[in-house]
Amino acid sequence: LEPIAGELAGRVEAGRLDLAREDKRIIEAVNMLTGTQRAKMLGRERLQAAGEYAVPALLKVIMEGQDQQLKMEATNTIVEIGGPAVTPLCQSLLALNGPSQRTVCDLLGRIRHPQAAPYLRELSLSAEADDTVREAATRAFKNCGGADLPLSQLYANLAQQYFDGNESLIAFPNVAT
């Protein structure tokens, strides 16, 4: 009976994660961030469970939204998601421009995860970025504990950490792949 119960519990948990990662459910959770205290709490919990899957929807609200309270809640939620939010933020960083890049730099600086260091360093050295973006990237790079190494070495160190299976770089380390 115990093996059956264990398998059932595993399937229930897998179902919860699948639900948490659904686009429709993520959008509902984002909209809950400006509701009642209970709605905010449930929305945050759902978004944290979705982890990196929630970041695009939250980032869209921050970049394009008109509701300032929702923007603030979305910003705080990304910071609360923490490490799992770093990969999608870093991927968006070099694809964005101007004020959007500065916003992402500020988010990464608040999260303070060393995984962001090479991306921030690259942006801080970019001749294409304006001064305010380079300054924001440099500030965030320092907040992430970035070492004063060549950019190629920073990326090589990050690649080695991925290769070694560093759990802080895996979005859902407890989920079998």
Side-chain angles (χ1 to χ4, degrees), residues 16-146 154 158 168-173 175:
R16 284 187 183 140
L17 282 175
D18 287 343
L19 281 176
R21 298 175 190 163
E22 277 186 3
D23 288 340
K24 178 182 163 206
R25 193 164 167 102
I26 288 171
I27 291 168
E28 287 174 2
V30 169
N31 291 329
M32 292 169 73
L33 294 176
T34 56
T36 64
Q37 289 291 23
R38 179 167 166 66
K40 285 181 188 180
M41 181 186 71
L42 289 172
R44 275 196 203 100
E45 286 176 3
R46 288 181 184 177
L47 293 166
Q48 287 172 358
E52 68 180 12
Y53 291 86
V55 174
L58 291 165
L59 199 54
K60 183 176 181 177
V61 165
I62 294 167
M63 300 299 172
E64 300 173 7
Q66 301 301 314
D67 184 337
Q68 294 303 314
Q69 182 182 353
L70 183 56
K71 283 181 162 188
M72 184 182 70
E73 293 290 341
T75 299
N76 291 336
T77 301
I78 286 178
V79 173
E80 289 169 8
I81 290 171
V86 173
T87 298
L89 289 174
C90 289
Q91 291 302 311
S92 71
L93 188 61
L94 301 175
L96 297 171
N97 57 20
S100 298
Q101 284 179 317
R102 199 181 82 222
T103 299
V104 172
C105 287
D106 292 342
L107 285 167
L108 290 168
R110 286 181 60 193
I111 294 171
R112 297 175 176 251
H113 197 286
Q115 175 190 356
Y119 300 92
L120 292 164
R121 179 64 154 194
E122 183 174 352
L123 187 57
S124 72
L125 298 172
S126 172
E128 296 173 13
D130 63 41
D131 289 342
T132 59
V133 171
R134 284 196 300 271
E135 289 170 9
T138 300
R139 192 172 47 251
F141 176 75
K142 289 176 183 173
N143 286 346
C144 292
L154 290 170
L158 180 60
S168 73
L169 302 177
I170 301 170
F172 298 98
V175 177

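Residues Lys60 and Val30 are not in side-chain contact: their nearest non-hydrogen atoms beyond the backbone lie 4.5 Å or more apart. Contact of the His113 side chain with the Leu108 side chain is not registered, since no non-hydrogen atoms from C-beta on lie closer than 4.5 Å. Looking only at side-chain heavy atoms (C-beta outward), Glu28 and Leu42 stay at 4.5 Å or farther from each other.
Once rounded to the nearest 0.5 Å, the distance linking CD of Gln91 with CG of Leu96 reads 11.0 Å. A distance of 6.5 Å separates NZ in Lys71 from CD in Gln66, rounded to the nearest 0.5 Å. The distance from atom CE of Met41 to atom OG1 of Thr36, rounded to the nearest 0.5 Å, is 9.0 Å. Atom CD1 of Ile111 is separated from atom CG of Asn143 by 11.5 Å, given to the nearest 0.5 angstrom. Here Ser124 contributes atom OG and Glu135 contributes atom CD; the two are 11.0 Å apart, rounded to the nearest 0.5 Å. Note that CG of Asn76 and CZ of Arg44 are 7.0 Å apart. Values are rounded to the nearest 0.5 Å.
Across Leu120 and Ala137, no two heavy atoms sit closer than the pair O-CB, 3.5 Å. Scanning all heavy atoms of the two residues, the minimum distance from Ala117 to Gly146 falls at CB-CA, 4.1 Å. Closest heavy-atom contact between Pro84 and Ile81: CD-O, 3.1 Å. Minimum interatomic distance between Phe141 and Leu154 (heavy atoms only, all atoms of both residues): CE1-CD1, 3.9 Å.
Checking side-chain atoms of Thr103 against main-chain N and O of Pro99 turns up a donor-acceptor pair under 3.5 Å.
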Applying side-chain contact (heavy atoms from CB on, under 4.5 Å) to Leu59 and Leu107, what does each step give before you reach the verdict? CA-CA 10 Å; Leu59 199 54; Leu107 285 167; 4.2 Å; yes
Asn97 and Asp130: CA distance, side-chain angles, deciding distance, side-chain contact (heavy atoms from CB on, under 4.5 Å) verdict: CA-CA 9 Å; Asn97 57 20; Asp130 63 41; over 6 Å; no
Begin from the C-alpha positions of Gln115 and Leu89 and carry the test side-chain contact (heavy atoms from CB on, under 4.5 Å) through to its verdict. CA-CA 11 Å; Gln115 175 190 356; Leu89 289 174; over 6 Å; no
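Heavy-atom neighbours of Gln69 CD from other residues, nucleotides or ligands within 6.0 Å: above the threshold of 12. For Lys40, the NZ atom counts as densely surrounded, since its 6.0 Å shell holds more than 12 non-hydrogen atoms of other residues, nucleotides or ligands.
No donor-acceptor contact under 3.5 angstrom links the side chains of Glu73 and Thr34, judged on distance only.
Paired with Leu93 under the rule side-chain contact (heavy atoms from CB on, under 4.5 Å), one option of Ser100, Cys105, Pro88 passes, and it is Cys105.
Sorted by first then second residue, the salt bridge (Lys or Arg N to Asp or Glu O under 4.0 Å) pairs that include residues 83-109, not counting sequence neighbours, are Asp106-Arg139.
Annotation: ring-ring contact (aromatic ring centres under 6.0 Å, His included) contacts of Tyr119 (sequence neighbours excluded): Tyr155.
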